[in-house]
Protein chains: 2
Amino acid sequence: MGSSERKERQKAKLQQQILDAAREITIRDGFAALTMRKIADAIEYAPGTIYLYFENRDEIAIQLCRQGYQELLDCLQPTATIPDPYDRLRAIASAYMDFGLANTATYRLIFMEDPKFTNAVLSEVPIDSSDGAGMKSFQLLVTIFDDMKAKGRLSIDADSARLAEIFWTSLHGILSLKLTFPGFLTTPSEELLTTMTDTFLAGLSQA
Amino acid sequence: MGSSERKERQKAKLQQQILDAAREITIRDGFAALTMRKIADAIEYAPGTIYLYFENRDEIAIQLCRQGYQELLDCLQPTATIPDPYDRLRAIASAYMDFGLANTATYRLIFMEDPKFTNAVLSEVPIDSSDGAGMKSFQLLVTIFDDMKAKGRLSIDADSARLAEIFWTSLHGILSLKLTFPGFLTTPSEELLTTMTDTFLAGLSQA
DNA sequence: GTCTATAGGCTGATAGAC
DNA sequence: GTCTATCAGCCTATAGAC
């Protein structure tokens, strides 16, 4: 028994090493440049060895995505304790932008890459605690609009999920254009964000 | 002279044929699947022949982008005649969304693909009439906010280019998430668009 | 468990015959 | 101008030796 447990630990260890290497390559060269050979080089094993720990490249990509959504959630989660939903919206928006700008490769991977990986992982319903981080992040946003409604200061009758979708798409629009066309948008990101958030909130209370 | 002109026409003809085939493959299989061999198969020439008409794959990609921006401009241009800037904004937004949803492969190519191609072409300043279509499209948006200001009904003091950038990023956000995560956003595109536009305009006149 | 070696595929691009 | 043939490289994944 003790021996098989040691083997399990050994296996998990190399698995994590593979993922770490894959993550680093993705960050450095982009997801398209992530190949089994490069991973093998990085961990100093033969390419074939990787297949003892992961079925194929896709499985690695999916794990990488899952990890990416978790990182995002870790960045957004702390804002959940802010009591006022308006303050909280600004805080989460700011955290989201910071995450995207600071982790461009990860952001691209989890939101701008092949739907084959992203779509499946994002839509995962949380089962155990390390699952469904994408959904949980989205829920943080929905809750904010629920709380705004509870405060009774929203003159718009759209439901919270809808408002969350609008706000999220706007955030993603800023980020993805900044990442795809560095230099085209002349307005700095923070300014785009504040103007967007201001007009959005003003619109909510007036529309 | 007459003979060399005929040769020129001949050359232009095959060049266009190559681009048409490339376009079709991109639409059908996606840009990543666009290869010289597939183009050659489609036009029924040997792969090497293409290199007599284009220097390499990148040059074809860039032409494809240029063509894509032109198609987009053709869709947006007709809205320019609408006198009221508020009506015009709704019309251009709607046309933009329709274009993206109806031409997903082209939209991906010109706004969501490799910056290597997109960035260069989008940032082109119009020189002759078939150039800089990306910039011209963006200018259509800027003009709308100029006109709104002239009407004096904007209580926000951001400049027109900035407002155009915000609005464009929001449009792009909706579209790109719809394309990357089909099925995740539960709200239909038109509803996201109207709610976004409504809150945005309400915000502009109130903020 | 890990290696070497390789199958079997794809790619962009080029050389040289016709 | 177009072809055939090919180079040189990349890729994923697997088989079989150790």
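Excluded from the calculations below are hydrogen atoms, water molecules and symmetry mates; all remaining heavy atoms, backbone and side chain alike, are included. Keep in mind it's a predicted model, so treat the numbers as computed, not measured. Sequence lines set the chain letters: A, B, ... in the order given, protein chains first and strands last, and positions in each chain run from 1.
Contact footprint of chain B on DNA chain C: nucleotides with an atom under 4.0 Å from a non-hydrogen protein atom, first to last in 5' to 3' order, C/dT11 to C/dT14.
Scored by the side-chain contact (heavy atoms from CB on, under 4.5 Å) test, A/S176 finds A/M112, A/H172, B/H172, B/S176 as partners (sequence neighbours excluded). Every residue meeting the side chain to side chain donor-acceptor pair (under 3.5 Å) condition with A/D146, not counting sequence neighbours, appears here in chain and number order: A/S160. Under the side chain to side chain donor-acceptor pair (under 3.5 Å) criterion, B/D98 pairs with no residue, sequence neighbours left out. By the side-chain contact (heavy atoms from CB on, under 4.5 Å) test, A/A161 is found to be paired with A/D159, residues two or more places apart in sequence or in another chain being considered. Every residue meeting the ring pair (Phe, Tyr, Trp, His ring centres under 6.0 Å) condition with A/F111, not counting sequence neighbours, appears here in chain and number order: A/Y69, A/Y107, A/W168. With sequence neighbours excluded, the residues that form a side chain to side chain donor-acceptor pair (under 3.5 Å) with A/E71 are A/R23.
Contacts between residues 11-27 of chain B and DNA chain C, defined by a heavy-atom separation below 4.0 Å, involve no residue at all. Within residues 51-61 of chain B, the residues having any heavy atom closer than 4.0 Å to DNA chain C are, in order of number, B/Y51, B/N56, B/R57.
Within the structure, salt bridge (charged side-chain N to carboxylate O under 4.0 Å, His left out) pairs that include any residue of residues 32-49 of chain B comprise B/D29-B/K38 (at least two apart or interchain).
Remark on DNA chain D: of its neighbouring residues B/Y45 and B/R37, the 5'-side contact belongs to B/Y45, judged by nearest-heavy-atom nucleotide.
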Please set out all donor-acceptor pairs under 3.5 angstrom arising from side-chain atoms of residues 46-62 of chain A, sequence neighbours excluded.
residue	atom	partner	partner atom	Å
A/T49	OG1	A/A46	O	3.3
A/N56	OD1	A/D58	N	3.2
A/N56	OD1	A/E59	N	3.1
A/R57	NE	A/L34	O	2.9
A/R57	NH2	A/F31	O	3.3
A/R57	NH2	A/L34	O	3.1
A/D58	OD2	A/K116	NZ	3.2
A/E59	OE1	A/E55	N	2.9

Review item, side-chain donor-acceptor pairs of residues 72-79 of chain B, under 3.5 Å, at least two apart:
residue	atom	partner	partner atom	Å
B/D74	OD1	B/Q70	NE2	3.1
B/T79	OG1	B/L76	O	2.7

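No side-chain heavy atom of A/T195 sits less than 4.5 Å from a side-chain heavy atom of A/D198.
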